Protein chains: 2
Amino acid sequence: MAVRLKDVALLAGVSVKTVSNVINGYPHVSATTRAKVEAAVEQLDYRPNLQARSLRTGRTGVIALGVPRLDEVYFAEVAAHVIEAADRLGLTVLVEQTDGERQRELEVLSGIRPGLVDGVILSPLGLLREDIEQTARRTPVVMLGEHVTDSTVDHLRIDNVKAAARLTHTLLAAGRRRIAVVGTPTERHVSAARLRLAGYERAHEELGIPWHEELWAPAANYRRADGAAAIHRLVEAGAPFDAVFCFNDLLALGALAALRQHGVRVPEDVAVGGFDDIDECAYSVPTLTTVSPDKVQLAVRAVHTLHARLSGVEESPDPDVPFVVVERDSTAGDR
Amino acid sequence: MAVRLKDVALLAGVSVKTVSNVINGYPHVSATTRAKVEAAVEQLDYRPNLQARSLRTGRTGVIALGVPRLDEVYFAEVAAHVIEAADRLGLTVLVEQTDGERQRELEVLSGIRPGLVDGVILSPLGLLREDIEQTARRTPVVMLGEHVTDSTVDHLRIDNVKAAARLTHTLLAAGRRRIAVVGTPTERHVSAARLRLAGYERAHEELGIPWHEELWAPAANYRRADGAAAIHRLVEAGAPFDAVFCFNDLLALGALAALRQHGVRVPEDVAVGGFDDIDECAYSVPTLTTVSPDKVQLAVRAVHTLHARLSGVEESPDPDVPFVVVERDSTAGDR
DNA sequence: TTGTAAGCGTTATCAA
DNA sequence: TTGATAACGCTTACAA
């Protein structure tokens, strides 16, 4: 029922090979033959069967993107850019949600649909160091976000220590001296959380300012509700604080809501900073100061790096993606 | 290099067909043979080549999801649920972004990668009625969101007229009498916008309350910035209003920000309502009253409907997906 | 420049 | 219950 290469060849009065040549832009085809074939393709509305093609070539033109969840805005924004960049290179993107679980991340790495995917872009959360070394051999992989540095796998990320230190300095420069930390556990092997905490500590050390263990407010996850819960616990615990450093924007936005409920003014009483610069930061009350990674560059470079690998390029990319700290109302004014 | 069916057969000392039978759960296989084959599969870590399989069967287990953009939160939330539901049925989801453009929506319908996708779930914005009739023949399609009702294509949506009327009634019941409308153009053939406007008008008619042309504030698109811009224009035009009915939550959140800039209090001076119930509505200042469609049901039913079609079921689903109006602070208190 | 024919890894037909 | 063998639609040596 579907039109096949053979049908086109029959109509054009040439062999399948010739049709194939025309379709694949093989240069040594006479103009007249080409015209005949193209007419036949047009007339029959022929579309190559990609299954057959990739069975033959071993390439599919499909890449997988693995993120924790798409409804965490940051990942949706990154995914949007990845899909767009892939599209420009003629690649199609298959999206997998891992929930940040190690097992599911491993599945993405080893290819949910083996052979269906030429390569993988993964934003890992639960993966262990040894996992990465072991699995990433089969299909080319580009990791997004933080990562053990001695690995040979391509990865892209902002310098989290530096970014966290920069954000912390912003708070310290405004006279804040008791900066609470709302973040996810820092024990994981592959962990932006750990590095953000390190940056927080480094900034304090650089100015010789002490930080306080009791201002660590762990969050179970990276969502608004977790940020709000962390603040509630902190307020109830009674330790005073004049700023909150959050490991991402959703936590920070949840923190803003919780602080408001407790009658705490932001930024007058407490300043708040986050990470990711999701769209909402410019519209929250107050607007949110945050570390803004260049998401477009992150996505575009990830796709291009993968594409290069697929084309046999052996060169590893510079992992650094630029960022800036965008200062908004949540950190305005000195203490 | 890759392990093939043949290799397994060789090791197990049986034919390829037998291995294939075991893998596909064909019942008439002796226990001993099955065991032998399974051992060989295990030993070689055999994974079927899906390219070859789908070349043979004509099915890929991949479905496409077409949405305007993933960084519009509502679509990211729906996509998250679609991917999850598909996953449970063993389907993988390929995400396409259309930007709401007719041409790109057509491409999704006709299959970006023909043959790679068994079916399509599409949330159309720019599509015309005739497009739908013509293109949806090739691969099974489920449409998400509003849609011409006389079409034969499966579709799922909330009753937009009813939902809009319900939201408008909420505003009218609170004593609001000059309700501005922030929305996208209503001329499109496939248009939730038109129906939402119709619901707005119907609610007024039901109570014999007039509405005012000058309170129509068109937005170019469905984003925060568009909602803010619409409010700015409205305020500058000088026509008084005591409520804003927005075609989606992002517009409403943008409106909240703009109203705040103009020193207008919400809900005391102006009440605000939206559509979609994205996560942020529960955290904005004030929290946002909105039409909350059952997104999980929408996604799950879309996937199941498509799955049924792929299995040859001819039955069309009930297009209605339930919704509720969630009343929050942005409409609290009487005028 | 074009054609012939083999083969990618799987499933399906049929016979044993 | 199992096994040869022929497709599925395409690309690619190699030959013409």
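None of these values were measured; they are calculated from a predicted model. Quick note on labels: first sequence line is chain A, next is B, and so on, each numbered from 1. Values below: all heavy atoms of this structure, side chains included; hydrogens, waters and symmetry mates excluded.
Whole-Å rounding puts the B:Asp7 CG to C:dT10 C1' distance at 13 Å. Atom CZ of A:Arg59 is separated from atom P of D:dT11 by 14 Å (rounded to the nearest Å). Atom CG of A:Asn24 is separated from atom P of D:dG9 by 17 Å (rounded to the nearest Å). Taking atom CG of A:Leu10 as the reference point, atom P of C:dG3 lies 12 Å away to the nearest angstrom. Going from atom CD1 of B:Ile23 over to atom P of C:dT10 covers 7 Å, rounded to whole Å.
Checked for salt-bridge contact, A:Arg104 and B:Asp87 meet the test: a charged N lies under 4.0 Å from a carboxylate O. Between A:Arg69 and B:Glu84 there is a salt bridge, since a side-chain N of the basic residue sits under 4.0 Å from a carboxylate O of the acidic one. Between B:Asp71 and A:Lys295 no salt bridge is recorded (no basic side-chain N to carboxylate O distance below 4.0 Å).
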Nucleotides 4-9 of chain C: protein proximity per nucleotide (B base, S sugar-phosphate only, - neither; heavy atom, under 4.0 Å): B-BBBB
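Within the 4.0 Å cut-off from OP1 or OP2 of D:dT2, at least one side-chain nitrogen or oxygen of B:Ser30 is found. Listed pair A:Asn21 / C:dT2 fails the phosphate criterion, with no side-chain N or O lying under 4.0 Å from OP1 or OP2.
Residues A:Leu310 and A:Arg59 share a closest heavy-atom pair of O-NH1, 3.4 Å.
For the 3.5 Å distance criterion, the side chains of B:Thr18 and B:Ser15 qualify, holding a donor opposite an acceptor.
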Evaluation steps, side-chain hydrogen bond (donor to acceptor under 3.5 Å, both in side chains), between A:Asp154 and A:Ser316: CA-CA 6 Å; A:Asp154 293 341; A:Ser316 275; 2.8 Å; yes
